[in-house]
Each structure stands twice: as structure tokens, then as C-alpha cells.
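All values derive from a computational prediction rather than experimental measurement. Every number for a ligand or one of its atoms is a count from 1 in the order of the listing. Throughout, numbering of the chain's residues begins at 1 and tracks the sequence.
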Amino acid sequence: MSEAIEKTIRAGEILATVRVEVVSRVKPKIRLLEIAEFVENRIVELGAEPAFPCNISINSDAAHFTPKKDDNRVFNEGDVVKIDIGAHIDGYIADTALTVDLGEHEDLIKASEDALRNAIDNIHAGVDTAFLGGVIESTIREYGFKPIINLTGHGLMPYLPHTPPTIYNFKTDRGTELEEGAIIAIEPFATDGAGKVVERGETEIYSLINPKPVRMKMARDILKEVEKYKTLPFARRWLTKAPTIILSKLVREGLFREYPVLTEVGKGLVSQAEHTVIVEEDGARIVTGK
Ligand code: CO
């Protein structure tokens, strides 16, 4: 077995454990920060590192929400809570997500879970990603919901949690054929809204894309501190001191990429399900669960 496959599988086993442990902890009045820290600390305790900050996106938010330092926000009765978590060992990443229902949204959650299951059941070496998109879309539509068209499944490469191929959550004219041994994440999102996400003005996640010298002392300190994450996304709360004004400057100057919270444009509720799989000759091996 290659190093990439072996370490991805180990990272995936750790996430499979954390997935199970986190579900019962998401409850009304519990702080989001407590859950994010639980997930990130458990990944380390079990022998990996977070591949990106624990994303906790609620209701119409679909992705890229993570709490701030000292964040006091709590879960509420009725919330649809997406927990998206990543772990890596020496850069080899596993990525998984689940939705916790604090209300009565069983069908919305089953729509993304079934779409994920049906897509995985159709994976084998040579399958076209356009076909998988069609499977995901038709499953979600059978439940009466829409897939989110601008959030996708993706490849995973060392220290890069989002690489080609793109696996759309709807039927496209053209796709790419998945190769045996490819490590990919399948990630359907279902909504009762418009089926598209847009950025809203809140950013807590960044990554380093283009390291270059900077003059300002505080910017230099931040760059030094994030070096260890290489090209992986990190949370502002992980840093000692990171004022928005400095982070925005680093984004403007092209050193950092920012990941603003993505929210459903029709203010619909959003559910998500995700597993990392390894493409095999006749099927797929799920590394982040069963
Ligand atoms: Co993903």
C-alpha cells in the first residue's frame, strides 16, 4: 500500500471515531466553540492534525463557518447543524461531514445522506463524475429538494484539501473519469431554498497561498505563526494575535486566501453529507466511516 493511501486511511479512521463522538454533543445551549475545540483536540489526541478548522455551519449557512476566539454563540432548538471536519497525517487528508438535526428536518438530512450513499455505490475506476452528479441530483430531487450547484465534491492532495477533479452535485454535460487509487471526497448538499450559495461578510478561515516578505511587524509574526499549516486552511482563533485589519491586508496583497462563510441565497435550510473514498477497480473504499 502506498504511503498516501495508508496515511489517508489512518486519518479517515480517526475521523470516523470523531464523527460518532461529536453527534451526541451537539445540543441546544451548547457553545459552538466547545464543539469545534472538542473535534480539533480529539483529532490530535487520536494521532492526526486538523486538516482545516472544524466547520460548524447552521441552517442557511452551508460552509466555512468556524467560531471566533471566545465565541459565545450556542446551538438552538430547531437548528440544522453541519459539522465538516478534516484530519491529516503528514499532509495526507481525510475529509468528512454530517448534519445534526436539532429540529424536525429528517427528510432534508436523508436527502443528502442518500445522495452520498447512492453516489458512492456507483463509484468504480472509470466512472464519469458527470454521471455521479446526476445520481446526486436525482436523489435529492426525489425528496423534493434542490442540490447546491456551487458546492462540490473534490480531490484531496497532500496539504491541499480541495483539488481536481470537481464532482458537481448535479448532472453536467461533461465530467472526468475517476482513476483507480484516486482519493476523493463526495459532498452532496441539499436545500429547500434556491440551490446556490453566496458569500456573506464573515471570515474566520484563511490559508497561506503566496508567502513573501512583508514589512509590518504584526504581519510578519502572523506569517511565522501560520508557516506550520503550509497550504492548509487555519482559523483566526488558532493565532495568538490576528486583527482583521492585518488579515485583510494579507489577503489584499495576495499572501492569504480567505474563506468567507457561504450561505444559501434563498435563505433555505441546508443539509450536507460527506465521505472521503478511495476509488477501486470495482468500487470505492470509504475511509471516513461505513
Ligand atoms: Co470536503
Using a 4.5 Å cut-off on heavy atoms from C-beta on, say whether the side chain of Glu204 contacts that of Glu258.
-> no
Shell check on the Co ion (ligand 1): protein N, O or S atoms less than 2.8 Å away are Asp95 OD2, His154 NE2, Glu187 OE1, Glu274 OE2
Using a 4.5 Å side-chain heavy-atom cut-off and chaining through intermediate ILVMFWY residues, the residues clustered with Ile149 come out as Tyr168, Phe170
Tell me, please, which residues at least two apart from His105 pass ring-ring contact (aromatic ring centres under 6.0 Å, His included).
-> none
Looking at residues at least two apart in the chain, or sitting in another chain, which of them share a ring-ring contact (aromatic ring centres under 6.0 Å, His included) with Phe75?
-> none
Would you kindly check if the NZ (Lys) or CZ (Arg) of Arg25 is within the cone defined by 45 degrees around the ring axis of Phe38 and under 6.0 Å from the six-membered ring centre?
-> yes
Step through it carefully: locate the ring centre of Tyr206, locate the ring centre of Tyr229, and say whether they are under 6.0 Å apart.
-> no
